[in-house]
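Notes for the one structure printed next.
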Amino acid sequence: MDDKGGIESYDVVVIGAGISGMYALIRLRALGFRARVFEAGTDVGGTWYWNRYPGARFDSESYSYAFSFDPELLEEWNWSEHFAGQPETYRYLRRVAEKYDLRRDIEFNSRIRSLEYQEAGQDWITTTEAGKQVRSRFVITAIGILSTPYFPPNPGKETFKGRSWHTSYWPKEPVDLTAQRVGVIGTGATAIQLITEISKNVGHLTVFQRTANFTKPLRNQPIRDEEQRALKDRYPEMFGRCKQTFGAFIHDIDPRSIFDLEPAARREHLERLWSEPGFGFWLGNFMDVFTDRKAAEIVSEFVREKIRERVKDPAVAAILTPTDHPFGTKRVPLESGYYEAFNRPNVELVDLKKTPIQRFTETGLDTTDRSYAFDVIIYATGFDAVTGSFNRMEIRGKNGQLLKDKWAEGPQTVLGLQVAGFPNLFTVVGPHNGAAFCNIPRCIEQNVDWVTSALAHLRKEQRRTIEAKPDAEIAWTEHVNGQVEQFLIGQIDSWFMGANIPGKKRGFLAYFGGAPAYRAHCSDSVAKGYEGFEIS
């Protein structure tokens, strides 16, 4: 395993041991490649290892989220809920690691500091923060799209003498908040799950909201014993449907216009979607809700009515009711009692648009209106999405070019899988990739299958490198940006557009043509001899 310089050498280095990295390791082994995985945490799981905050759970159906490649695993695993919580999902991923004995090829507590392409040897040197170096012909980044936490830039954060952490760094030991004064900053998808849960048993909770979010009831239920068999029998059909739907969920967009229905029938249809569990109200709604402001406003006002019905104080309801963006143009969180949390006497809501945070203090924080004292401050402030985890590594390609510099004005890729000037580097679930707006495991499997098949192709053809072509990179980047212009989602500030990070270049970070179209682009490239890529 050591080369002549004493550095360990592998065919492939994989960065990250979440769902992408685990599946990549399984596939690489099956194809006979020597692979080594580096993981910053102490165990497998990725998102489901790091995000252990109270209330964390699926918002896609458990059974549609599971790995599809192993019929035996599908048969043996029983999900307990239609939308499983973090502890169960983490157990599932550990079971996968045990079944495939993955841990023997994973180095934990190993965050990557740098990747450097060696033009002379046409390989990569990967360096951990501890200084360990390994050499590999190929590198697969499996680092996730929401894995670099963002903290607001208000001064004084380090002066606070109480306990504080970002939700993705929730302590492993139990946290008792029953007699604590707690401040939660943020009301995005994570915060909505967290607030719902901790509000049930907290001394006093103050929620600081910058932007109100549209949400939809999750309507989770336990899976009854008699349902288990039927669900397992439906796996082939369900995974087949996920390959056909826009977001690779079991829900698909209604091709009709909302204006095809008379108002009474339209209302009845929306009520039916609203009463169903999961994402159907978002990803199963009328097509023009995603493209037409008037259509989107009808649905938006429907949801606003639902919010006002559930919050007792009209002033609080007004703060929680979004008016600055249409429904569905940001990722829609699913909730199970979020609005009722604000009816509790020990829960307070602060509108940061009216009274912004000025600074953190030894005892809490100051807004423009008053000072707040806390025992615990929890940052539910989101992530530097998609590109953030690339930027915190020093990734150098040909001629020492730094990836962060290349992407300073926005990411450029071919199929969201490779970057010109960075041979043999694969960005699984990277920017401009179909998996960045998708029922992620469904698109992860497609991404990893494509990448590992490409590696097998190179080996068969006795070729050493594969690299995105500059003209294809320009074309794909223009295609991604042009496609999203047809949709309202491209007009609204959100993490999809990088707009949650001060100073970040605004631009769409995912691919919004739908999972089937993305898969077709990838398959077409292969059919045309890996069109868009230079193989040498």
Side-chain angles (χ1 to χ4, degrees), residues 50-56 146 148-213 311-313 315-320 333 335 337-384 388 392 495 500-503:
W50 293 103
N51 291 277
R52 61 181 73 92
Y53 60 85
L146 298 171
T148 297
Y150 168 70
F151 291 89
N154 308 97
K157 174 176 171 288
E158 67 286 348
T159 66
F160 177 59
K161 292 188 175 180
R163 301 182 70 193
S164 66
W165 55 81
H166 193 280
T167 51
S168 65
Y169 296 147
W170 195 274
K172 290 183 178 180
E173 68 275 8
V175 176
D176 184 2
L177 300 176
T178 52
Q180 302 288 291
R181 298 165 300 171
V182 179
V184 172
I185 303 172
T187 53
T190 293
I192 285 166
Q193 292 183 329
L194 172 72
I195 290 163
T196 302
E197 191 61 29
I198 67 173
S199 66
K200 300 171 184 176
N201 196 20
V202 68
H204 189 276
L205 175 62
T206 306
V207 177
F208 295 89
Q209 174 184 279
R210 183 183 63 176
T211 305
N213 272 292
V311 182
K312 292 178 181 178
D313 185 333
V316 174
I319 298 172
L320 290 169
E335 51 82 25
Y338 173 65
Y339 295 105
E340 286 72 16
F342 294 95
N343 295 331
R344 299 176 186 271
N346 62 335
V347 177
E348 177 183 3
L349 178 64
V350 177
D351 184 353
L352 292 181
K353 287 190 174 177
K354 290 185 178 179
T355 59
I357 294 173
Q358 294 286 87
R359 67 188 63 82
F360 292 91
T361 66
E362 291 186 0
T363 56
L365 62 83
D366 294 343
T367 68
T368 54
D369 178 54
R370 54 171 280 203
S371 296
Y372 294 84
F374 297 114
D375 302 300
V376 177
I377 294 177
I378 301 168
Y379 296 91
T381 45
F383 300 86
D384 186 351
R392 71 178 179 183
W495 67 256
N500 64 317
I501 305 299

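Not measured: the values here are computed from a predicted model.
When all heavy atoms are compared, the tightest approach of Gly183 to Phe374 is N-CD2, 3.4 Å. Here the closest heavy-atom approach between residue Ser199 and residue Leu205 is recorded as CB-CD2, 4.1 Å. For the residue pair Thr187 and Asn213, the shortest heavy atom distance occurs at O-ND2, 2.9 Å. Nearest approach of Lys312 to Asn343, heavy atoms of both residues: N-OD1, 2.9 Å. Here the closest heavy-atom approach between residue Val207 and residue Ile195 is recorded as CG1-CD1, 3.7 Å.
A donor-acceptor pair under 3.5 Å is formed between the side chain of Asn346 and the backbone N or O of Val202. Although no hydrogens or angles enter the test, the distance criterion places no donor-acceptor pair under 3.5 Å between the side chain of Thr363 and the main chain of Ala373. Using modelled atom types, no side-chain atom of Asp375 and backbone atom of Gln180 make a donor-acceptor pair closer than 3.5 Å. With hydrogens and angles disregarded, a donor-acceptor distance shorter than 3.5 Å links the side chain of Arg52 to the backbone of Trp170. Within the 3.5 Å criterion, the main-chain N or O of Thr196 finds no donor-acceptor partner in the side chain of Glu335.
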Item to check | Stepwise ring-ring contact (aromatic ring centres under 6.0 Å, His included) check, His204 with Tyr372 | outcome: CA-CA 12 Å; His204 189 276; Tyr372 294 84; 9.2 Å; no

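In this model, no donor atom of one side chain and acceptor atom of the other lie less than 3.5 Å apart for Asn201 and Thr178. Of the N and O atoms on the side chains of Asp369 and Thr367, not one donor lies less than 3.5 Å from an acceptor on the other residue.
Among Phe151, Phe160, Phe208, Tyr379, the single residue meeting the ring-ring contact (aromatic ring centres under 6.0 Å, His included) criterion with Phe360 is Tyr379.
Between Lys353 and Thr211, the closest side-chain pair of non-hydrogen atoms falls below 4.5 Å. A 4.5 Å side-chain heavy-atom check between Ile198 and Val184 finds at least one atom pair inside the cut-off. You'll find the side chain of Leu320 reaches within 4.5 Å of the side chain of Gln209, heavy atoms only.
The structure places NZ of Lys200 at 13.5 Å from CG of Leu177, a figure rounded to the nearest 0.5 Å. Taking CD1 from Ile378 and OG1 from Thr190, the interatomic distance works out to 12.0 Å, rounded to the nearest 0.5 Å.
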